[in-house]
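Below: one structure, written as C-alpha cells.
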Amino acid sequence: MEDRRVRKTKKNLKGTLIEMLADMPFEQISITELCRRADTSRITFYSHYSDKYALADDIFQDMIRIGTGNYIRRQAENNPGRDLVLGYCNVLDVILELYYANYDFFRHTLPEENPYLAFSFYNYVLETVEMHTDKEARILNFQLRYTAKKIAGFLCYGILGFINECHSEKETLEEIRGEAKEILKGLLRSDVLVSRETSPAPPPA
C-alpha cells in the first residue's frame with residue numbers, strides 16, 4: 001500500500017500531465033517541462049515512473065480500478081441474475097460515466113491529436129469488453145458465434161463511432177446513453193453475435 005506522500009506526488013504528476021495536454025500533444029511533452037510545471041524533481045519522477053508513457057498508463061489503470069468497482073456494484077444492484085444484455089448495458093454505463101467524469105483527460109484521446117493515447121484507450125476498452133464477453137459466455141453457457149475478441153472489436157468500434165457521431169450532433173449524455181443502449185440491446189437480442197441454442201446455466205450461488 002502506497003503511503004500518502006507517494007499518492008500525493010503521483011496525483012500531482014497525473015494532474016499536471018492532463019493539464020499539459022490542453023496546451024500540446026502528448027508526444028511533445030517532455031519530462032523536464034512536466035516536472036517544472038508539477039514543481040517536482042526529475043529524480044522524484046523517475047522514482048515512480050520509467051517515462052511519460054508509464055505515467056499515462058497509470059492514469060488508465062486508475063480508470064480501470066474505478067470502472068471495475070462500479071461494474072461490480074451495478075451488477076450486484078440491478079443484475080443479480082446475470083442477464084447477458086443487462087450485463088453489457090452495465091459495461092456501457094460504466095465506460096460512459098468514466099469517460100465523462102474524466103473528460104479533461106479523455107477528450108485528448110482522439111487519434112488525430114494523440115495517437116498513443118487513442119491506441120491505449122481503445123485497447124483498454126477492447127480488453128475489458130473481451131474479458132466480459134468471454135467470462136459471461138462461460139458462466140452462462142452461451143455459444144459465441146465469433147471469438148470474444150472479434151465481438152469486442154465489433155462492439156467497441158461501433159459504439160465508439162456512434163458516440164463520436166452523437167457528439168458531432170451535440171447530443172446530451174442521456175441521449176447518447178439511451179440510443180447506444182438501444183442499439184446494443186438490439187444486437188445482442190438478435191442472435192447475430194450469440195447463439196441461443198444452448199440453455200444458459202443457472203448463475204452461481
Side-chain angles (χ1 to χ4, degrees), residues 1-73 91-132 149 152-153 155-173 176-177 180:
M1 191 73 174
E2 294 176 336
D3 65 33
R4 183 178 302 177
R5 184 173 58 179
V6 171
R7 291 197 301 271
K8 184 177 179 180
T9 298
K10 287 187 172 183
K11 182 178 180 180
N12 179 39
L13 289 169
K14 293 171 190 175
T16 302
L17 175 63
I18 293 171
E19 289 175 3
M20 292 179 72
L21 288 171
D23 301 329
M24 66 188 75
F26 179 71
E27 294 300 333
Q28 292 181 14
I29 294 176
S30 68
I31 300 301
T32 298
E33 181 62 14
L34 175 66
C35 290
R36 186 188 71 78
R37 294 199 190 191
D39 194 23
T40 302
S41 70
R42 286 170 60 89
I43 292 175
T44 299
F45 176 90
Y46 284 114
S47 69
H48 300 299
Y49 301 107
S50 57
D51 51 34
K52 65 183 180 182
Y53 301 96
L55 173 58
D57 186 67
D58 202 23
I59 294 175
F60 283 116
Q61 291 295 333
D62 285 344
M63 306 299 177
I64 290 173
R65 284 190 288 271
I66 294 171
T68 299
N70 288 343
Y71 170 75
I72 292 172
R73 174 183 56 79
V91 171
L92 176 62
D93 278 334
V94 166
I95 292 173
L96 285 174
E97 286 178 2
L98 271 176
Y99 184 87
Y100 286 102
N102 299 278
Y103 189 67
D104 282 348
F105 173 66
F106 284 117
R107 69 190 177 96
H108 300 296
T109 59
L110 298 175
E112 61 271 22
E113 180 184 350
N114 291 301
Y116 175 80
L117 296 181
F119 179 79
S120 297
F121 174 49
Y122 175 75
N123 274 285
Y124 277 121
V125 174
L126 178 68
E127 183 179 282
T128 298
V129 175
E130 179 186 357
M131 289 174 60
H132 174 77
K149 190 165 189 175
L155 292 175
C156 291
Y157 270 117
I159 293 296
L160 289 177
F162 181 82
I163 291 171
N164 286 336
E165 292 306 316
C166 288
H167 271 297
S168 69
E169 297 180 12
K170 311 297 183 183
E171 293 194 9
T172 66
L173 172 57
I176 295 172
R177 188 199 307 271

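Under the 30°/60° scheme for interplanar angles, the aromatic rings of His167 and Tyr99 are found to be tilted.
Here the CD atom belonging to Glu171 is positioned 6.5 Å from the CZ atom belonging to Phe162, to the nearest 0.5 angstrom. The distance from the OH atom of Tyr71 to the OG1 atom of Thr128 is 11.0 Å, given to the nearest 0.5 Å. Remark: Phe45 CZ to Ile31 CD1 distance equals 3.5 Å, nearest 0.5 Å. Between the CZ atom of Arg36 and the CD atom of Glu33 there is a distance of 4.0 Å, given to the nearest 0.5 Å.
When all heavy atoms of Ala22 and Arg107 are compared, the closest pair comes out as CB-NH2, 3.9 Å. Contact between Val129 and Cys156 at its shortest, heavy atoms only, is CG2-SG, 3.8 Å. In this structure, Leu13 and Leu34 approach most closely via the heavy-atom pair O-CD1, 4.1 Å. Contact record, Arg177 with Leu96: CA-CD1, 3.9 Å, taken as the closest heavy-atom pair. Nearest approach of Ser41 to Cys35, heavy atoms of both residues: O-SG, 3.9 Å. Across all their heavy atoms, Lys52 and Glu27 have their closest contact at NZ-O, 3.0 Å.
More than 12 heavy-atom neighbours from other residues, nucleotides or ligands sit within 6.0 angstrom of CG on Asp23. Heavy-atom contacts from other residues, nucleotides or ligands closer than 6.0 Å to CZ of Phe119 number 12 or fewer. Dense packing is recorded around CE of Met24, with more than 12 heavy atoms of other residues, nucleotides or ligands lying under 6.0 Å away. The 12-atom threshold is exceeded at CZ of Arg65, counting heavy atoms of other residues, nucleotides or ligands nearer than 6.0 Å.
Inter-residue side-chain proximity for Thr109 and Tyr122 is flagged as unmet; no heavy-atom pair is nearer than 4.5 Å. The shortest distance between side-chain heavy atoms of Ile176 and Thr172 does not fall below 4.5 Å. Counting heavy atoms from C-beta outward, Glu19 and Arg37 have side chains that stay 4.5 Å or more apart. Inter-residue side-chain proximity for Ile18 and Ile59 is flagged as met; some heavy-atom pair is nearer than 4.5 Å.
Figure legend: Lys14 and Phe105 shown without cation-pi pairing, the cationic atom not lying both under 6.0 angstrom from the six-membered ring centre and within 45 degrees of its axis.
Screening Ile95, Val94, Asp93 for a side-chain contact (heavy atoms from CB on, under 4.5 Å) with Val91, the sole residue that qualifies is Ile95.
Salt bridge annotation for Lys11-Asp58: absent, with no cationic side-chain nitrogen under 4.0 angstrom from a carboxylate oxygen.
A side-chain donor-acceptor contact under 3.5 Å links Asp3 to the backbone of Arg5.
Aromatic pair Tyr100/Phe106: centroids not less than 6.0 angstrom apart.
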